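Step one of this worksheet: look at the structure below.
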Amino acid sequence: MLEKDARFSREVNHRAALRRILRWTCQIAPLAALRRKISLKSAARAATIAVRSANNFMKRTHHCNELRPAHIGQTVTLSGWVHSRRDLGGLIFIDIRDREGRTQTVFDPSDLTPELFTQAAALRSECVVSITGKVRARPAGTNNAKIPTGEVEVGVTALEVLNMADVLPFQIDDPEAAAKVAEDTRLQYRYLDLRRPEMARNLKVRSKVAIATRSYMDEQGFLEVETPTLFKSTPEGAREFLVPNRREAGTFYALPQSPQQFKQILMVAGVEKYFQLARCYRDEDLRADRQPEFTQVDIEMSFIDREDIYALIEGLLKRVWKTALNIDVPTPFKRISFEEALNRWGIDKPDTRFGMELVDFSEEFKGSKFGVFGKCIEAGGVVKAINARGLAGATQGQIETMTETAKSFGAKGLAYIKVEKSADGAAVEWKSPIVKFFSEAEKAALTTKLQIQEGDLILFAADQWLNACEILGKIRLYCAEVLKGQGKLVIDPHQFNFLWVIEFPLLGFDRENNRWYSSHHPFTAPVASDIPLLKTDPKKVRGQHYDIVVNGVELGGGSIRIHQPDVQKTIFEELLAIPPEETKLRFGYMLEAFRYGAPPHGGIALGFDRLIAILCGTPSIRDVIAFPKTAKGTCMMTDSPSQVSPKQLRELYIEVKGKKPEAPAAPASAPVK
Ligand code: ASP
């Protein structure tokens with residue numbers, strides 16, 4: 001019976017079998033006239049029904065996370081996968097799992113026919129079954145407090161094997177074992193990986209948050225509008241994915257890095273409030289928090305200023321946190337200027353859940369005998385330090401890692417002091433070759449401002465302001481990770497420090513290419529009072545740009561846009577030095593649209609995958625995307641990207657010239673998002 005079922009199930013997946021069943025279905029219900037019209041899809045449906053009726057499929061009465069002591073005595077039917085099987089003292093215990101959870105079922109030979117018991121004994125992990133039986137309390141002392149159904153079990157009276165499963169490529173019933181499986185294997189068998197309760201939960205959170213987002217935006221009067229995925233190439237910043245156009249040799253679409261231009265045009269079109277859970281594509285080198293295709297909650301509004309965006313997003317995140325975690329997030333969020341963020345935390349997305357803030361000693365070390373500091377300040381630089389409390393015992397390897405970080409910013413090395421007991425244990429010493437150059441006043445300033453105690457590790461950066469901040473910002477995060485690993489820094493997993501980072505510089509300067517680039521994107525409006533500086537001192541111009549940050553993660557960013565075509569043209573041509581012909585080619589349609597009555601507008605985009613990863617407490621966005629790509633951009637399950645036939649290439653006028661050497665890195669400028 002079992003063997004027959006399994007063979008039958010395998011067959012029904014086959015097209016020929018579907019047609020056979022279709023013929024059979026049509027014969028028993030005399031619908032021969034309709035036969036020709038029934039598609040293969042309806043045949044599949046018919047096939048499923050046929051399998052069910054052939055197997056006398058029992059419909060479930062409850063899901064596998066539903067039964068509680070209140071159900072004791074009821075006869076129930078559960079359907080799902082064999083999560084685990086234990087044979088104990090002649091009884092077989094099978095945990096049946098579905099999307100919602102799992103329930104223990106018990107096969108007792110004294111209640112069952114020998115055939116049914118033999119069938120149960122042949123079940124393997126992940127076979128698909130349906131069981132019927134009576135809910136009963138578990139015997140005293142055998143409750144499983146780890147699962148919500150742990151007080152009851154189902155004494156089985158009927159079993160139906162709906163499908164067998166081959167031996168699995170990896171174990172999915174044990175989170176610890178699954179965590180050790182190579183990620184490539186998990187991605188190759190993603191359908192098995194997604195059955196794991198931890199992954200199923202992530203998908204559920206994602207769905208709930210998407211729905212909560214849509215309802216919130218709808219309540220706020222937003223329209224969900226889809227924008228094209230086949231877009232135009234705007235080759236600045238992140239590398240794009242190109243799609244060849246079969247109709248005209250040598251022309252290409254590009255997949256959008258974001259719907260930025262469409263959403264602005266929707267404002268010109270009078271939509272006023274737009275949002276979309278938009279797919280975006282960037283052909284960048286991938287990291288744990290990047291994917292070549294990803295999702296943004298993309299938003300644009302007309303007739304607003306920055307305050308409207310802050311209020312809207314605070315309300316949205318409040319709703320999302322309540323929906324996903326049942327946490328009430330206090331609003332309004334703190335606002336920190338870009339300058340303050342860099343000054344205090346050395347990064348524009350500060351994690352403010354722990355201290356270790358950067359302290360400035362440029363005043364104290366002015367004219368210092370320690371030449372590295374004294375000269376740096378003389379040359380217009382700064383001296384900054386952090387106190388990594390409790391890290392005086394840092395290993396050589398850890399110090400080297402931090403030194404390499406400093407060097408990656410162009411620093412010559414890393415100055416540090418270990419505050420430790422002297423060899424005889426009688427006193428606390430500052431162990432560092434640089435201390436002998438410090439004056440008493442300098443030492444006193446360090447002690448007071450950094451509150452130095454035994455066990456501390458003091459780390460310095462002496463450089464131009466931005467570099468010094470960024471060096472210590474990186475080292476601060478590294479130290480925090482080390483301290484967390486040692487249990488010396490404990491952060492409550494339910495603490496969420498939201499903040500807005502505002503007043504970014506509108507432009508940055510790319511020394512290599514000797515040109516300005518937009519810090520956010522070229523559509524960002526300057527702060528009105530800074531506009532006169534555009535021509536005289538562009539570096540000082542602040543953009544109306546904002547980033548929303550939580551626990552050191554940039555959740556999203558946006559800006560109030562330039563809506564006057566002449567200002568936009570000046571930014572493109574005079575500041576970003578894009579030649580007029582190119583401006584016309586790339587952005588002409590947008591500049592033209594702006595000439596027909598563009599309302600003042602602004603918007604923001606939140607990284608949806610990142611948002612879900614934070615809510616699920618996972619460091620990798622791959623864990624919250626159903627079918628993600630590997631770090632090399634491969635889909636392990638479908639094995640894409642893959643080669644295509646010469647005919648396809650010919651149709652697209654494409655000639656493949658073999659393996660090319662590694663392409664040069666993308667330009668340093670910010671993407672046109
Ligand atoms: N399009 C921008 C981005 O993808 C967001 C925005 O400015 O609205 O980052």
Side-chain angles (χ1 to χ4, degrees), residues 213 217 222 224-229 231-232 234 236-241 254-268 271-284 289-302 304-306 308-310 312-313 316-317 338 348-349 500-508 517-527 542-549 553-563 568 571 576 586-587 590 598-611 621 666 669-673:
T213 300
M217 296 306 283
F222 282 77
E224 183 169 11
V225 183
E226 286 154 278
T227 53
T229 291
F231 181 41
K232 179 185 172 70
T234 53
E236 180 151 326
R239 197 179 286 124
E240 299 170 316
F241 287 99
L255 303 183
Q257 298 184 30
S258 86
Q260 183 63 37
Q261 289 157 59
F262 286 109
K263 68 175 173 173
Q264 289 194 240
I265 300 240
L266 283 173
M267 295 303 104
V268 182
V271 168
E272 294 198 16
K273 289 179 165 189
Y274 142 94
F275 90 101
Q276 179 183 192
L277 266 70
R279 286 342 300 277
C280 306
Y281 307 84
R282 294 180 196 169
D283 189 5
E284 295 173 314
D289 63 348
R290 291 229 179 122
Q291 279 282 299
E293 55 180 313
F294 56 96
T295 307
Q296 284 187 341
V297 182
D298 197 40
I299 295 171
E300 198 75 10
M301 293 161 87
S302 294
I304 53 145
D305 62 22
R306 283 176 280 181
D308 297 285
I309 296 281
Y310 301 155
L312 176 81
I313 297 302
L316 171 62
L317 293 175
F338 169 79
D348 60 2
K349 43 179 180 179
W500 289 103
V501 179
I502 54 175
E503 304 199 341
F504 284 81
L506 182 73
L507 303 159
Y517 63 89
S518 306
S519 307
H520 185 48
H521 54 52
F523 313 111
T524 300
V527 168
R542 290 164 300 163
Q544 295 199 50
H545 165 192
Y546 28 76
D547 273 357
I548 176 77
V549 173
V553 177
E554 182 195 320
L555 261 187
S559 59
I560 300 298
R561 325 296 185 190
I562 299 165
H563 66 281
Q568 185 66 78
I571 297 273
L576 303 177
R586 282 161 51 185
F587 305 112
M590 199 161 169
H601 60 283
I604 190 164
L606 306 183
F608 190 64
D609 310 292
R610 225 176 263 176
L611 171 71
I621 61 167
S669 53
V672 177
K673 291 175 251 181

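First listed ligand is number 1; within each ligand, the first listed atom is number 1. From a predicted model like this one, the values you see are computed outputs, not experimental measurements.
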Do any N/O atoms on [X] end up under 3.5 angstrom from N/O atoms on ligand 1?
X: R561; answer: yes
X: R282; answer: yes
X: E300; answer: no

Should you measure from each heavy atom of [X], which atoms of ligand 1 turn up under 4.0 Å away?
X: G558; result: 6 (C), 7 (O)
X: Q296; result: 3 (C), 4 (O)
X: A605; result: 5 (C), 8 (O)
X: I604; result: 8 (O)

Would you say the side chain of [Y] lies within less than 4.5 Å of the side chain of [X], judging by non-hydrogen atoms?
X: I604; Y: L312; result: no
X: F587; Y: Q568; result: no
X: V501; Y: K349; result: no
X: K263; Y: M267; result: no

Reported OG-to-CD1 distance for the pair S559 and I502, which is rounded to 0.5 angstrom:
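These two atoms lie 14.0 Å from each other.
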Please state whether Q257 comes within less than 4.0 angstrom of ligand 1, counting heavy atoms only.
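Contact check Q257 vs ligand 1: negative.
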Can you tell me if K263 has a non-hydrogen atom under 4.0 Å from ligand 1?
yes
Any idea which part of S258 is under 4.0 Å from ligand 1, heavy-atom wise: side chain, backbone, both or neither?
side chain
Residue pair Q296, S258: steps toward the side chain to side chain donor-acceptor pair (under 3.5 Å) verdict:
CA-CA 8 Å; Q296 284 187 341; S258 86; 4.6 Å; no
Qualifying residue for ring pair (Phe, Tyr, Trp, His ring centres under 6.0 Å) with F231, from F241, Y281, F262
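Per the ring pair (Phe, Tyr, Trp, His ring centres under 6.0 Å) rule, the option paired with F231 is F262, out of F241, Y281, F262.
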